[in-house]
Amino acid sequence: MTDTLDRTEDEQTAAPSRAEAWLADFETALTAGDPAAVADLFCTDSYWRDLVSFTWNLVTVEGRAGVRDLVAETATRTAPSDFTTSEPATEDGGVVTAWITFETAVARGEGLLRLREEDGRDRAWTLLTAMTELKGHEEPRRDRRPMGAAHGASKERTTWKERLEQEAATLGETTQPHVLVIGGGQGGIAVGARLRQMDVPALVVDAHERPGDQWRGRYKSLCLHDPVWYDHLPYLKFPDNWPVFAPKDKIGDWLESYVKVMEIPYWSSTRVTSARWSEPDQRWDVELVRDGRPMTLHPSELVFATGMSGKPNMPEVPGADVFKGEFHHSSAHPGPDAYRGKKVVVIGSNNSAFDICGALWEHDADVTMVQRSSTHIVKSASLMEYGLGDLYSERALASGVTTEKADLTFASLPYRIMHEFQIPAYEKMAEVDQGFYERLEAAGFWHDWGADGSGLFMKYLRRGSGYYIDVGSAELVADGEVALVRGQFDHLTEDSVVLQDGRELPADLVVFATGYRSMNGWVADLIDQETADRLGKCWGLGSDTPKDPGPWEGEQRNMWKPTQVPHLWMHGGNLHQSRHYSLYLALQLKARHVGIDTPVYGLQEVHHLG
């Protein structure tokens with residue numbers, strides 16, 4: 001026991017010097033422009049994920065061949081330097097972990113390095129390099145924050161409020177935004193705040209009457225299923241008395257106040273009708289209607305922040321003309337109040353379907369869920385304890401894991417092997433909640449743990465669907481309070497849903513909780529189908545698991561990075577991704593605005609149209 005303890009203490013003492021020694025060798029090889037020497041510093045099975053700093057892209061390369069190619073293409077023009085640890089490295093289980101900082105010719109960055117011993121040498125197993133700011137274009141934060149007050153006397157004085165009012169009056173009239181963000185939900189607001197702080201002329205537009213209406217307009221029982229520590233927006237964290245799971249209207253009010261406090265140029269009640277790229281003018285011509293008034297804007301960059309999943313996936317409904325009841329997509333569901341005592345059929349078995357079923361049951365509706373395919377369910381408490389607790393929780397904060405550290409830690413896990421980190425957590429959840437899963441499956445529910453047992457988050461990254469975080473409604477299915485039928489929808493009659501096998505389900509209301517299409521559907525609607533096809537499918541990794549066809553792509557398709565359509569960008573995801581990845585999108589847009597050369601390494605190919 002003493003020998004083991006002494007060895008562990010020796011390893012912890014040695015870890016910082018091992019990390020610094022590797023970084024010194026890494027910088028020397030990079031400076032020498034020697035791709036082979038850099039590659040030799042990596043393990044045979046290794047991963048380097050770069051967020052903008054070397055590649056002006058979001059790219060993960062694998063193995064020594066991938067490292068060699070990235071270095072050969074980027075190192076000379078990037079001119080990386082000053083690699084060092086930002087705090088003492090640690091060692092656990094044979095892996096040295098080090099937080100790092102570095103510089104390039106035009107930027108500063110940070111990252112996370114993991115070393116393993118291979119062939120008697122410390123070699124990189126994973127490396128994350130992430131740009132944090134552009135030199136000469138630092139954000140006005142902390143010791144660079146604006147004074148606010150202009151001390152002294154001046155006859156030309158204008159107040160802060162007057163400057164904001166003048167800016168608002170000229171925007172879209174005598175001045176044009178460099179960036180137009182279509183969609184003013186959490187994603188559009190997050191990148192709008194980033195661009196504001198980076199002094200990029202930008203405008204966020206949204207069809208709703210007020211910021212936050214995207215949330216207020218949903219069914220009344222909707223709450224966030226992710227905990228508060230995971231959901232902060234950039235710059236302004238939720239207060240420490242904020243509910244763990246925020247109700248939709250509270251989120252709506254927070255987004256509205258955030259727009260005001262962060263002074264984001266934001267047009268509500270504005271509907272974009274079309275957009276066309278003008279090659280001669282090197283700009284977009286965007287037609288829109290603001291408060292009933294037609295207008296044209298001419299941004300240089302166009303960001304679609306219309307939601308991770310795009311347009312509602314509403315199927316054809318044979319029999320719609322004869323059905324005497326009501327039917328709608330889950331995105332249009334108003335809530336349960338009008339359906340007390342009614343027979344309701346909810347087609348689908350993911351998050352929205354369960355939430356809607358639960359709320360309808362609480363209001364004494366007779367509810368039947370139609371499950372079309374298997375679904376992964378995880379208990380909320382178990383997810384928080386075993387899935388998120390080490391990174392996003394009060395426990396994590398108490399151990400020094402800030403939101404920023406948690407984001408980078410998560411980002412440092414390569415998508416290729418992320419499932420290996422997820423599987424043990426979900427195996428633990430299956431053990432802890434075994435009784436629940438037995439009851440659920442006994443009720444006839446078709447449950448899965450993902451294609452490889454890696455659970456909810458990998459399903460989310462791969463396909464954006466196929467799961468439910470149980471906050472109570474799955475218990476209703478397990479207990480038979482909500483009836484469960486497995487099958488496929490076929491058509492409606494005057495008063496029922498008919499499945500493909502002929503079974504008939506009486507219905508006064510049918511809710512199609514059938515998900516959403518790829519984001520490039522919005523591009524097809526507002527630009528054209530040819531541009532949507534050039535862009536290709538959005539979201540997914542190419543894992544060749546259900547609804548995420550190969551080939552392997554290594555990053556989220558088309559998200560937060562350059563696409564095959566120049567000057568067109570896609571931004572979406574949950575609150576965590578909107579917060580974290582809005583930084584890298586904004587840095588890319590800022591660099592282009594100020595004329596920094598941005599040669600893109602590894603531009604994504606298009607394998608799927610949507």
Side-chain angles (χ1 to χ4, degrees), residues 219 225 308-320 323 325-333 343-361 365-378 437 439-451 455-456 458-460 462-470 473-478 480-493 496-518 521 537 539-540 543 545-549 610:
Y219 52 91
H225 289 178
M308 181 203 83
S309 303
K311 302 177 66 175
N313 182 24
M314 183 67 182
E316 293 292 326
V317 185
F323 185 58
E326 179 184 350
F327 68 90
H328 49 241
H329 189 266
S330 58
S331 61
H333 183 64
K343 294 185 181 297
V344 183
V345 175
V346 177
I347 298 175
S349 57
N350 294 341
N351 268 334
S352 294
F354 271 102
D355 282 352
I356 291 169
C357 284
L360 287 164
W361 177 88
D366 181 354
V367 189
T368 298
M369 171 184 285
V370 177
Q371 186 180 26
R372 301 171 301 152
S373 59
S374 66
T375 303
H376 168 58
I377 296 181
V378 59
Y437 291 111
R439 289 190 299 111
L440 187 68
E441 292 172 0
F445 194 84
W446 188 5
H447 182 259
D448 71 69
W449 290 94
L456 183 146
M458 294 311 301
K459 267 201 165 187
Y460 171 72
R462 290 164 173 170
R463 53 184 280 189
S465 65
Y467 49 82
Y468 170 56
I469 301 174
D470 181 34
S473 294
E475 291 285 354
L476 297 175
V477 173
E481 294 293 321
V482 169
L484 176 69
V485 175
R486 282 168 52 177
Q488 301 296 327
F489 169 76
D490 191 79
H491 66 276
L492 299 178
T493 68
S496 69
V497 171
V498 180
L499 303 182
Q500 288 181 0
D501 62 7
R503 284 176 294 171
E504 197 165 343
L505 308 174
D508 302 302
L509 167 69
V510 183
V511 180
F512 288 89
T514 46
Y516 297 84
R517 302 181 189 275
S518 174
K537 179 180 173 66
W539 208 258
S543 63
T545 57
K547 298 190 178 182
D548 184 27

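All figures in this text were calculated on a predicted structure; none of them were measured in a lab. The figures that follow rest on heavy atoms only: side chains count, while hydrogens, waters and symmetry mates do not.
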*Asks:* Out of curiosity, Leu484 CG to Trp446 CH2, how far, rounded to the nearest 0.5 Å?
*Replies:*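 Those atoms lie 12.0 Å apart.
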*Asks:* Kindly write out the residues that satisfy side-chain hydrogen bond (donor to acceptor under 3.5 Å, both in side chains) with His329, not counting sequence neighbours, or none if the list is empty.
*Replies:*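 For His329 the side-chain hydrogen bond (donor to acceptor under 3.5 Å, both in side chains) partners, ignoring immediate neighbours, are Ser331.
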*Asks:* Starting from the C-alpha separation in whole Å, work towards a yes-or-no answer on side-chain contact (heavy atoms from CB on, under 4.5 Å) for Asp366 and Val344.
*Replies:* CA-CA 6 Å; Asp366 181 354; Val344 183; over 6 Å; no
*Asks:* Partners of Tyr219 by side-chain hydrogen bond (donor to acceptor under 3.5 Å, both in side chains), sequence neighbours excluded?
*Replies:*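 Expected list: Asp355.
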*Asks:* So, does His447 use its side chain to make a donor-acceptor pair with the main chain of Ile377 at under 3.5 Å?
*Replies:*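 Side chain of His447 to backbone of Ile377, a donor-acceptor pair under 3.5 Å: yes, one is there.
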*Asks:* Ignoring hydrogens and angles, tell me if any N or O in the side chain of Glu326 forms a donor-acceptor pair with the backbone of Asp508 under 3.5 Å.
*Replies:*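 No, Glu326 side chain to Asp508 backbone: no donor-acceptor pair under 3.5 Å.
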*Asks:* Output all residues satisfying salt bridge (Lys or Arg N to Asp or Glu O under 4.0 Å) with Asp448, sequence neighbours left out; order by chain, then residue number.
*Replies:*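 Per chain and number, Asp448 pairs via salt bridge (Lys or Arg N to Asp or Glu O under 4.0 Å) with Lys459.
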*Asks:* Within the 4.5 Å heavy-atom criterion, are Val317 and Phe512 side-chain neighbours or not?
*Replies:*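 When only atoms from C-beta onward are counted, Phe512 and Val317 do touch, with a gap below 4.5 Å.
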*Asks:* Looking at side-chain heavy atoms only, is the closest gap between Leu499 and Val370 below 4.5 Å?
*Replies:*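 Yes, their side chains come closer than 4.5 Å.
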*Asks:* State which residues pass salt bridge (Lys or Arg N to Asp or Glu O under 4.0 Å) with Asp548; sequence neighbours excluded, sorted by chain then number.
*Replies:*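 Expected list: Arg557.
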*Asks:* To the nearest 0.5 Å, tell me how far Met314 CE sits from Thr514 OG1.
*Replies:*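 It is 6.5 Å, given to the nearest 0.5 Å.
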*Asks:* Using the salt bridge (Lys or Arg N to Asp or Glu O under 4.0 Å) criterion, which residues pair with Arg503? Sequence neighbours excluded.
*Replies:*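 Salt bridge (Lys or Arg N to Asp or Glu O under 4.0 Å) list for Arg503, sorted by chain: Asp501.
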*Asks:* Any heavy-atom pair between the side chains of Ile356 and Ser330 that's under 4.5 Å?
*Replies:*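 They are in side-chain contact.
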*Asks:* Taking the side chain as everything from C-beta on, heavy atoms only, tell me whether Lys547 gets closer than 4.5 Å to Trp539.
*Replies:*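 A side-chain contact under 4.5 Å is absent here.
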*Asks:* List for me each residue that meets side chain to side chain contact (heavy atoms under 4.5 Å, CB included) alongside Asn313, sequence neighbours excluded, and say none if there are none.
*Replies:*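 Listed in chain order: Arg517.
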*Asks:* Would you call the rings of Phe445 and Phe354 parallel, tilted or perpendicular, taking 30° and 60° as the class edges?
*Replies:*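 If you compare the ring of Phe445 with that of Phe354, the planes turn out tilted.
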*Asks:* As a test of understanding, state which of Leu505, Val497, Val482 forms a side-chain contact (heavy atoms from CB on, under 4.5 Å) with Thr368.
*Replies:*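 Option passing the side-chain contact (heavy atoms from CB on, under 4.5 Å) with Thr368: Leu505.
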*Asks:* Report the residues that fulfil side chain to side chain contact (heavy atoms under 4.5 Å, CB included) with Ala353, sequence neighbours left out, ordered by chain and then residue number.
*Replies:*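 For Ala353, the residues satisfying side chain to side chain contact (heavy atoms under 4.5 Å, CB included) (neighbours in sequence not counted) are Val346, Met369, Ala513.
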*Asks:* If you compare all heavy atoms of Val367 against all heavy atoms of Cys357, which two are closest, and at what distance to 0.1 Å?
*Replies:*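 Result for this residue pair: CG1-SG, 3.7 Å.
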*Asks:* Before giving the answer on side-chain contact (heavy atoms from CB on, under 4.5 Å), spell out for Asn351 and Tyr468 the whole-Å C-alpha distance, their side-chain angles and the decisive distance to 0.1 Å.
*Replies:* CA-CA 5 Å; Asn351 268 334; Tyr468 170 56; 3.0 Å; yes
*Asks:* Verify the neighbour count for atom CD of Gln500: are there more than 12 heavy atoms of other residues, nucleotides or ligands below 6.0 Å?
*Replies:*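 Atom CD in Gln500 is crowded, with more than 12 foreign heavy atoms closer than 6.0 Å.
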*Asks:* The criterion is side-chain hydrogen bond (donor to acceptor under 3.5 Å, both in side chains); which residues satisfy it with Thr545, sequence neighbours excluded?
*Replies:*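 Partners of Thr545 by the side-chain hydrogen bond (donor to acceptor under 3.5 Å, both in side chains) criterion, ordered by chain and then number, come out as Ser543.
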*Asks:* Can you sort out the partners of Ala443 under side chain to side chain contact (heavy atoms under 4.5 Å, CB included), two or more places apart, ordered by chain and number?
*Replies:*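 Result, side chain to side chain contact (heavy atoms under 4.5 Å, CB included) vs Ala443: none returned.
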*Asks:* With the side chain counted from C-beta on, respond yes when Phe323 and Val510 share a heavy-atom pair under 4.5 Å apart, and no when they do not.
*Replies:*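 Sidechains of Val510 and Phe323: in contact.
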*Asks:* Can you list the residues that meet the side chain to side chain contact (heavy atoms under 4.5 Å, CB included) rule with Pro506, with sequence neighbours excluded?
*Replies:*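 Pro506 satisfies side chain to side chain contact (heavy atoms under 4.5 Å, CB included) with Lys343 once adjacent residues are dropped.
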*Asks:* Indicate the ring-plane relationship of His328 and His333, choosing parallel, tilted or perpendicular according to the 30° and 60° boundaries.
*Replies:*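 Ring orientation of His328 relative to His333: tilted.
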*Asks:* Can you sort out the partners of Glu475 under salt bridge (Lys or Arg N to Asp or Glu O under 4.0 Å), two or more places apart, ordered by chain and number?
*Replies:*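 Expected list: Lys379, Arg439.
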*Asks:* Search all heavy atoms of Pro546 against all heavy atoms of Arg463 and return the closest pair with its distance.
*Replies:*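 Smallest interatomic distance, heavy atoms only, reads O-CD, 3.6 Å.
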*Asks:* When you measure from the side chain of Thr375 to the backbone of Ser349, do you find a donor-acceptor pair of N or O atoms at a distance under 3.5 Å?
*Replies:*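 Present.
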*Asks:* Determine whether Tyr460 and His376 satisfy the following criterion, side-chain contact (heavy atoms from CB on, under 4.5 Å), listing intermediate values before the conclusion.
*Replies:* CA-CA 11 Å; Tyr460 171 72; His376 168 58; over 6 Å; no
*Asks:* If the condition is side-chain hydrogen bond (donor to acceptor under 3.5 Å, both in side chains), which residues does Glu481 pass it with, not counting sequence neighbours?
*Replies:*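 With sequence neighbours excluded, Glu481 shows a side-chain hydrogen bond (donor to acceptor under 3.5 Å, both in side chains) to Trp361, given in chain and number order.
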*Asks:* Answer yes or no: is there a side-chain heavy-atom contact under 4.5 Å between Val511 and Ile347?
*Replies:*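 Val511 vs Ile347: side chains apart.
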